[in-house]
Amino acid sequence: MHYIEDFSKYEGQEITFKGWVANKRESKTNIFLVVRDGTGFCQAVLSLDVLGEETFEVAKSLTRETSLEIVGNVVKDERQIGGYELQASSIKVHHIAKEYPIKYLEQEHGVKFLADHRHLWLRSRRQWAIMRVRNEIIMSIHDFFQQNGFVQTDAPLLTGNACEGTTDLFETDFFGVPAYLSQSGQLYAEAMAMALGKVYTFGPTFRSEKSDTPRHLSEFWMIEPEMAFYDLDMDMDLIEAFIKHVINRVLKNRKVELDTLGRDVSKLENVNQDFPRITYTEAVKVLQGKSEVNGRNAITVQEEDLAAAKQAIVDLTATIEANEKEMKAGVKKGKRNYLTAQNDKFKQEIKVHEESIRNIPKWIASAQNFKDGEDFGGSDETVLTRVFDAPVMVYNWPTKIKAFYMKEVEGDPNFVKGVDLLAPDGYGEIVGGSERESDLEILSRKIKEHDLSLDDFQWYVDLRIFGSVPHSGFGLGLERIVRWVCGLNHLRETIPFQRRYGRKLVP
RNA sequence: GGGUUUGUAGCUCAGCGGUAGAGCAGGCGGCUGUUAACCGUCAGGUCGUAGGUUCAACCCCUACCGGGCCCGCCA
C-alpha cells in the first residue's frame, strides 16, 4: 500500500493505491479519475488499451466516492494535482458508492447543507486541507513547548465552580452533585506551574454562552501555558515567539494545503515582523481615529473600504448589464450559460458588498463613539487591526473588564497586566493572557469583590501562601488560529464536528 | 436576546400579479489526454407551512417554522 503523499518517492514504479474516487471525467478510450486516499489527491488514468474492454466497462461504472484499489505506475506530470499521475494497470473495486450528494467543489453548496453533511463534507479538498493545517498547528504547538522546557499537564474537565465566575457553564451531574464542564484549565495550570515551572495544558473547553458569531463555538480546544517567574513582558515575548514558530512551521510544511485553500501566504509571512505592542489606552485612541499608526487612520481606512465596496458594486452592475445586453443580442448556448453563471456570481458578490455597506457605517460609529474603559466589540477589533499588518498585542487593560486573577499595574489599580493578541484582517482575538495576581491580600480582596466563594478558591489562594512567585500565562484558542491561518470566514470549518449555539448535536 | 435578510427541481440560483426556468448532479447518445471537460437529449417542482387580498398569487399582506449575515454575551 502506497500513499499519494509519497508519490515523489515512487516515480516510475508500480505501486498499489487504496482510496476513493473524488471525481471522474470520461472519454471513449480513457477515464480520468481524481482519487484521494487521505494523504492527498491525484489523477488516475484508466485506459482502454491497458485495461482491456471488460475492465474498462467496470471502470465506466465507477461513481464518485467509490472505494477501490489501483495498481499502476507513478508518472511525473506537472499539470496534475500534486504533480504526479497514476497510470492504472489494474483495478479492484471495493464498493460502488451511490449517488454522492456533495459536489467536487464544495463552495457550490450552502452553509446549512454542508453542515448537515459534515460527515461527508470532511472528504472534500478544502476540508482535507483545513484538517491537515489544524494537525500541523497542533503538532507545532507541542513541538514549541516541548523544545522550550514546558511540561504538558492536563486540567480536569469536570469542575465544581465557575473558574472566572462570569461565563455560562454547561451543568452536568457528578454523583448527585452539580458539576460543570470546564471553561478553562488556567487555575489548575497555575498550581502545576508551581510544581513543574513551565507547563501547558491542551484540551477541550466548554462555554454555554448563546453566542452566534463566526468566532464562537460551544466546544473548542484551548492551549494554556503557565510559567513561574514570568512577568507580563516575558509573557508577551513568549506569545510572539510562539506564534511565529507556529505560523512559520505551517508555512514550511503545509504549502500544498494553504494553496488549496487559496490563502494569501504573504499575509501570514507578516508575522516575521515585530508584533506591535500598545496599551489599551493607546488602542482606544487608534480606534477612535485620534491617533494614527504608520500614517494609517482607523476611521479613514474604514471609509476607504466603504468607498471601495460602493465602487465595486458600480463596476459589477455595469459588467452584469453588459453581459445581459450581449445575451439579448443573441449568443450561442454555451456562451449564454457562461454569462448567466458569471452574472449569478457577480450578483452574489454585490450582496457581500451591500452587507459591507450596511455594516461599515455602524462600525465607524461604534469606533468613534467608543467609551474609554469598555471592552472592545467584534467590529472594534476589526477596525483596530485593519491598520496593522502583523498581529498586535494590546496590554494593560481596565481592571473592571478583566478577570479577577489578573495582576494590577503597579501604582495604578485601575489597570491590570493583561494582554490580548489580535490577528490581522479582522480575525480578532486569538490569544488572551496576563500576569497573575501573586499578592495574597489583593487576590483575596478581588475574589470577594467578584462574589466568588472563598471556600471554593482556597486551594487557588494557597498558591499565594506557600512560596508565591510572579507568574504569567496565556490561552490560545486552537480553532481561532486555524481560522486565521487558513483564512476562513467562520470557525465552523476549523473543527471536525462543530458544537455551536443554534445547531443540533448531529452529526 | 436585538437588527437585517432569505426560503423555487437532489445541489446552487434566476423569475416576482396572468398557471414554472438555467447550470450542476442523474439517464441516454456524441466527442475529446481530460482538468469544475464539452455538445446534444431525457427525466426531475402541490415555488417552507397556514390563513388572507385579487377575476387571477411563486410574486402582495399577516402569522408561524427554518436558514444566512451583523451585533450583543465571550476565547
Side-chain angles (χ1 to χ4, degrees), chain A residues 22-34 41 43-47 63-64 75 77 79-81 85 87 98-117 125 164 166-168 183-184 186 205-224 324 327 332-334 336-345 347-348 351-352 354-356 358-363 366 375-382 401 403 420-423 428-433 474-481 483 489-491 501-503:
Chain A
N23 205 11
K24 182 171 84 165
R25 286 179 288 276
E26 246 177 288
S27 80
K28 206 172 212 169
T29 54
N30 288 303
I31 293 171
F32 301 95
L33 303 177
V34 176
F41 291 75
Q43 170 159 291
V45 185
L46 312 183
S47 164
T63 55
R64 292 187 54 220
V75 175
D77 185 343
R79 294 168 301 177
Q80 305 309 336
I81 302 169
E85 175 176 276
Q87 297 183 342
K98 66 173 275 197
E99 193 182 325
Y100 190 62
I102 299 183
K103 296 184 189 185
Y104 185 55
L105 294 183
E106 77 255 44
Q107 47 269 53
E108 298 220 358
H109 291 287
V111 165
K112 170 76 159 43
F113 178 84
L114 287 172
D116 288 343
H117 294 81
R125 270 184 86 193
E164 296 175 21
T166 50
T167 47
D168 300 313
Q183 55 139 2
S184 165
Q186 182 204 311
T205 299
F206 306 89
R207 304 278 167 94
S208 73
E209 291 126 13
K210 294 179 176 173
S211 308
D212 184 14
T213 84
R215 355 174 254 292
H216 288 89
L217 292 168
S218 301
E219 178 183 302
F220 61 99
W221 288 70
M222 190 150 71
I223 295 89
E224 296 181 284
E324 277 170 359
M327 282 190 277
K332 280 186 184 169
K333 192 180 173 186
R336 197 184 76 219
N337 289 344
Y338 173 77
L339 291 174
T340 307
Q342 286 291 303
N343 279 358
D344 285 352
K345 201 178 88 191
K347 284 175 193 169
Q348 293 307 311
K351 282 182 184 169
V352 172
E354 282 170 347
E355 182 77 34
S356 298
R358 277 195 297 273
N359 288 331
I360 292 176
K362 292 185 209 162
W363 294 357
S366 163
D375 204 356
F376 296 132
S379 70
D380 299 325
E381 285 180 356
T382 303
I401 58 169
D420 282 0
L421 180 75
L422 306 177
E429 182 184 350
I430 55 173
V431 167
F474 63 88
L476 166 77
L478 177 65
E479 287 75 16
R480 285 190 173 179
I481 195 170
R483 178 187 177 211
N489 55 24
H490 203 292
L491 227 46
Y501 172 66
R503 268 208 63 82

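Throughout, a chain's letter reflects where its sequence line sits, starting with A, and its residues are numbered from 1. Every heavy atom of this structure was used, including side-chain atoms; hydrogens, water molecules and symmetry mates were not. Here the structure is a predicted model, which means the values were calculated and not measured.
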Tell me what A/V34 touches on the nucleic acid: a base, only sugar-phosphate, or nothing, going by heavy atoms under 4.0 Å. nothing
Choosing from B/A25, B/C73, B/C69, which nucleotide comes nearest the side chain of A/H490? B/C69
Hey, could you give me the CD/OG distance between A/Q87 and A/S47, rounded to the nearest 0.5 Å? 8.5 Å
Whole-Å distance between B/C11 P and A/H117 NE2? 8 Å
Nucleotide nearest A/T213 (side chain, heavy atoms from C-beta), chosen from B/U35, B/C73, B/C70: B/C73
To the nearest Å, how far apart are A/M222 CE and B/C74 P? 15 Å
If you compare every side-chain N and O of A/K28 against the phosphate oxygens of B/C31 (OP1, OP2), does one of them come in below 4.0 Å? yes
Looking at A/N359, I'd like to know whether one of its side-chain N or O atoms comes within less than 4.0 Å of OP1 or OP2 on B/G3. no
By the Watson-Crick or G-U definition, both distances under 3.5 Å, B/A22 is matched with B/U12
Selected nucleotide, minimal atom distance to A/D212 side chain, candidates B/C11, B/G72, B/C74: B/G72
Starting at OH of A/Y501 and ending at P of B/C69, how long is that distance when rounded to a whole Å? 15 Å
Would you indicate which nucleotide in B/C71, B/G33, B/A25 comes nearest to any side-chain atom of A/F32? B/G33
With rounding to the closest Å, how many angstrom separate the C1' atoms on B/G45 and B/C64? 24 Å
In terms of the nearest nucleotide of RNA chain B, which residue is placed more toward the 5' end: A/G378 or A/F220? A/G378
Please measure how far the P atom in B/U49 lies from the corresponding atom in B/C11, and state the result in whole Å. 15 Å
Looking at every strand, decide which applies to A/Q87 at a 4.0 Å heavy-atom threshold: base, sugar-phosphate, or nothing. base
Distance, C1' atom - from B/U46 to B/U8, rounded to whole angstrom: 13 Å
Would you measure the distance from the C1' atom in B/A57 across to the matching atom in B/G2 and give it in whole Å? 33 Å
Phosphate OP1/OP2 of B/A37 contacted by A/R25 side-chain N/O (<4.0 Å): yes
With rounding to whole Å, what would you report as the distance between B/G40 and B/G23 at their C1' atoms? 16 Å
Is there a Watson-Crick or G-U wobble partner for B/A63 with both distances under 3.5 Å, and which nucleotide is it? B/U49
Between B/C74 and B/C61, how far apart are the two P atoms, rounded to whole Å? 39 Å
Using a 4.0 Å heavy-atom cut-off across all strands, classify A/S379 as base, sugar-phosphate, or nothing. sugar-phosphate
Residues that A/D375 engages under salt bridge (charged side-chain N to carboxylate O under 4.0 Å, His left out), provided they are two or more places apart: none
How far does the P atom of B/C47 sit from the matching atom of B/G51, given to the nearest Å? 14 Å
Watson-Crick/G-U partner (both atom distances under 3.5 Å) of B/C58: none
Just how far, in rounded Å, is P of B/C73 from CZ of A/F376? 13 Å
For B/C38, give the paired nucleotide (Watson-Crick: N1-N3 plus N6-O4 or O6-N4; G-U: N1-O2 and O6-N3; both under 3.5 Å), or none. B/G30
Students often get this wrong, so: under 4.0 angstrom with heavy atoms, is A/L217 touching a base, only sugar-phosphate, or nothing? base
Distance-only donor-acceptor test (3.5 Å): side chain A/S211, base B/C73: yes
One pair to check against side-chain contact (heavy atoms from CB on, under 4.5 Å): A/V34 and A/R25. What are the steps and the verdict? CA-CA 9 Å; A/V34 176; A/R25 286 179 288 276; 4.1 Å; yes
Here the distance between atom C1' of B/A36 and atom CD1 of A/I81, to the nearest Å, is 11 Å
Please check: side-chain N/O of A/E381 versus main-chain N/O of A/E429, any donor-acceptor pairing under 3.5 Å? yes
Ignoring hydrogens and angles, are the base of B/U34 and the side chain of A/Q80 linked by a donor-acceptor pair under 3.5 Å? yes
Does the B/C74 base have a donor-acceptor partner in the side chain of A/H216 within less than 3.5 Å? yes
Taking only the C1' atom of each, what is the distance from B/U19 to B/A56 in whole angstrom? 9 Å
Closest-nucleotide 5' rank along RNA chain B - winner of A/F113 and A/K24: A/F113
What's the NZ-P distance between A/K362 and B/C69, to the nearest Å? 14 Å
Here the distance between atom P of B/C69 and atom CG of A/L491, to the nearest Å, is 12 Å
Interatomic distance, A/Q43 CD vs B/A37 P [rounded to whole Å]: 10 Å
Where the side chain of A/E209 is defined as all heavy atoms beyond and including C-beta, which of B/C74, B/G68, B/C70 is the nearest nucleotide? B/C74
